[in-house]
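Take a look at the structure below.
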Amino acid sequence: MNIPRNMVLFLSLFLGAAWAETTVLQNFTLIDGTGSQPLAKASMVIVDGRIKWVGPAARLRLPAGGQNINLAGKYIMPGIINLHGHVGNTIDLVQDPANFTRGNVESQLRSYANYGVTAVCSLGSEQPLIMEMRAEQRLTNRPQMTRIYTALRGFTGVGGYPTTAPGMKGVPYEVSSVADVQKDVRQLAGEKVDIVKIWVDDHLGKDPKIPFDLSKVIIESAHKYHLKVVAHVFYLADAKALVDAGLNGLAHSVRDKPVDDELIQMMKKRRAWQMAPTLTREASTFVFATPSPMLNDPFFAPSVSANTLRTLKDTQFQKQVAAEPDAAHGRDWLEMAKKNLKTLVDAGVKCGFGTDTGPPRRIQGYFEHWEMELMAEAGLTPQQIITIATKNSAEFLGAKDLGVLKKGKWADLIVLGANPLENIKNTRTIESVWIAGNKVK
């Protein structure tokens, strides 16, 4: 029997009000996301998806009823929050708006969830269906897959990047006037998007860049509706101009040259974030140009279809990737991005976590863990990386109930078999993922 979706949601609310659902996790090491030292021999009481109590196991007052789970020898950290992803448009290695279906979005959200990514902000390549799916999630706030945040449609200039990329024509707004901007921002505000996105890039001179005056109007207009604005950037000069105009976050690292003190002081003064370093975005330009070891990694295989895996291993495909213009620059871009991330973090600029996964060859789930490894290569400690990927990212989203494992917060968490504070690669030792107290299947 097929039960209507609205009825399922109603029943979940009604039944949830009828009795409390209690789960007790015991005897694990807690990494709470705040940057505090881990707590050994910890326990947690989860009631109706929220953390009712967390602390030393010796002080646990075991509630009557409910499910008790012994996690001796395990480690728990908050779920990963990806501030820069893209859902729905890609199947295997083909990007096309026709792929944006409920089934494809849900498949990708499940893939993120399986890898411990419990929330993702899809940044400006979505269709109206995403608003419907987000509303369904937020009716109970206890989804069975990764939580949705969305910019719905981003902004670029007429014929500007990324509309020249395969499958991206007609996806973002292409604006040419102040009137266009004001109308489109008003529409986004009416949809109650979580964030506003601008693409500010000429793709190494190949594409027209959105005029700065229009970017400034986008920022001013969005702020009138209390919406944060983030931008795809490449050049240091653009980052400076946008931050000076009130931009809230850089959705990529600056990659043309080192960040300087002028930008750092401007970001700190205006409270602008490096909201997403997207190091794996740069790595994706060249990593599949040769037989990458990750293609034989058991942790990688579940993140792609068998067909995609065959293609990525194909020597002819690898030659095609190697011949792409971006492949020649990708290693330099990655090293510059890593250097700039370290500089900004050391200077006290706030940083969030984001990967730009979703488009072809930017693998959802696996790349989030690789991003953390690249952040470690950049010189960040595992504690810094985990805090950035959890607490900081929730803060940027304004998601007050996410990001840390404290009383009253949603129980979005990852159970690990090894300590990620000893080696960030241990985030791969996933034994289970929980979203709002529900174990992801």
Side-chain angles (χ1 to χ4, degrees), residues 83-84 121 123-124 151 154-158 160-162 172-182 184-185 188-189 193-205 207-278 333 336-337 339-352 354 356 388 392-393 395-398:
L83 293 179
H84 189 159
C121 185
L123 216 50
F155 287 89
T156 188
V158 175
Y161 184 80
Y173 294 113
E174 296 181 48
V175 291
S176 60
S177 68
V178 170
D180 284 346
V181 168
Q182 292 174 335
D184 295 338
V185 171
L188 292 175
V193 297
D194 297 293
I195 205 162
V196 172
K197 160 82 171 287
I198 319 172
W199 276 274
V200 184
D201 195 355
D202 64 7
H203 204 196
L204 300 182
D207 301 326
K209 187 190 300 183
I210 185 171
F212 173 72
D213 288 349
L214 293 183
S215 291
K216 189 174 181 181
V217 175
I218 292 168
I219 294 168
E220 292 169 350
S221 299
H223 285 174
K224 289 178 182 178
Y225 294 102
H226 308 290
L227 291 168
K228 288 183 177 179
V229 185
V230 301
H232 167 117
V233 295
F234 180 86
Y235 302 105
L236 177 62
D238 286 333
K240 289 181 178 180
L242 291 163
V243 169
D244 190 51
L247 187 79
N248 300 102
L250 303 176
H252 292 282
S253 296
V254 169
R255 289 157 280 166
D256 68 323
K257 59 183 67 173
V259 294
D260 58 18
D261 191 60
E262 182 183 12
L263 176 64
I264 289 168
Q265 296 308 319
M266 193 182 297
M267 292 181 76
K268 293 175 75 172
K269 179 181 178 181
R270 295 187 171 273
R271 298 181 181 179
W273 286 50
Q274 179 63 64
M275 66 85 82
T278 66
W333 293 341
M336 183 62 68
K339 179 180 178 180
N340 286 339
L341 172 63
K342 175 65 171 169
T343 299
L344 292 172
V345 170
D346 286 352
V349 173
K350 293 297 287 286
C351 182
D356 201 9
I388 285 168
N392 284 16
S393 294
E395 180 184 339
F396 188 82
L397 280 178

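Keep in mind that this is a model prediction, so the values were computed, not measured.
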Would Lys342 and Asp346 pass as an ion pair if we require N to O under 4.0 Å?
yes
Rounded to the nearest 0.5 Å, what separation is found between the SG atom of Cys121 and the NZ atom of Lys228?
10.5 Å
So do Tyr235 and Lys209 actually touch side chain to side chain, heavy atoms under 4.5 Å?
yes
Rounded to the nearest 0.5 Å, how far apart are CG of Asn340 and NE2 of His252?
14.5 Å
Taking atom NZ of Lys350 as the centre, does the number of heavy atoms from other residues, nucleotides or ligands within less than 6.0 Å exceed 12?
yes
CG (Asp238) and CG (Leu250) are apart, to the nearest 0.5 Å, by 10.5 Å
Asp260 side chain near Lys240 side chain, heavy-atom distance below 4.5 Å
yes
Any idea how Tyr161 and His203 line up, ring-wise: parallel (<30°), tilted (30 to 60°), or perpendicular (>60°)?
tilted
Would you say the side-chain atoms of Lys216 pair up with the backbone N or O of Ala245, donor to acceptor, closer than 3.5 Å?
no
CZ of Arg270: more than 12 outside heavy atoms within 6.0 angstrom?
yes
Is the closest side-chain heavy-atom distance between Leu214 and Phe155 below 4.5 Å?
no
Minimum heavy-atom distance Ala151-Gly124, with the two atoms named:
CB-N, 3.6 Å
Separation between NE2 of His84 and CD1 of Ile195, rounded to the nearest 0.5 Å:
10.0 Å
So, does Asp201 use its side chain to make a donor-acceptor pair with the main chain of Phe234 at under 3.5 Å?
no
Straight-line distance of Lys224 NZ to Gln182 CD, nearest 0.5 Å:
6.5 Å
Got Leu188 and Tyr173 here, is their nearest side-chain heavy-atom distance under 4.5 Å?
yes
Without swapping roles, check the side chain of Thr156 against the backbone of Ile198 for a donor-acceptor pair under 3.5 Å.
no
I would like to know whether Leu83 and Val230 meet side-chain contact (heavy atoms from CB on, under 4.5 Å); could you show each step before the answer?
CA-CA 10 Å; Leu83 293 179; Val230 301; over 6 Å; no
Can you tell me how far apart CG (Leu247) and OG (Ser215) are? Round to the nearest 0.5 Å.
9.0 Å
Is there a side chain to side chain donor-acceptor pair (under 3.5 Å) between Asp356 and His232 once you walk through the steps?
CA-CA 10 Å; Asp356 201 9; His232 167 117; 5.6 Å; no
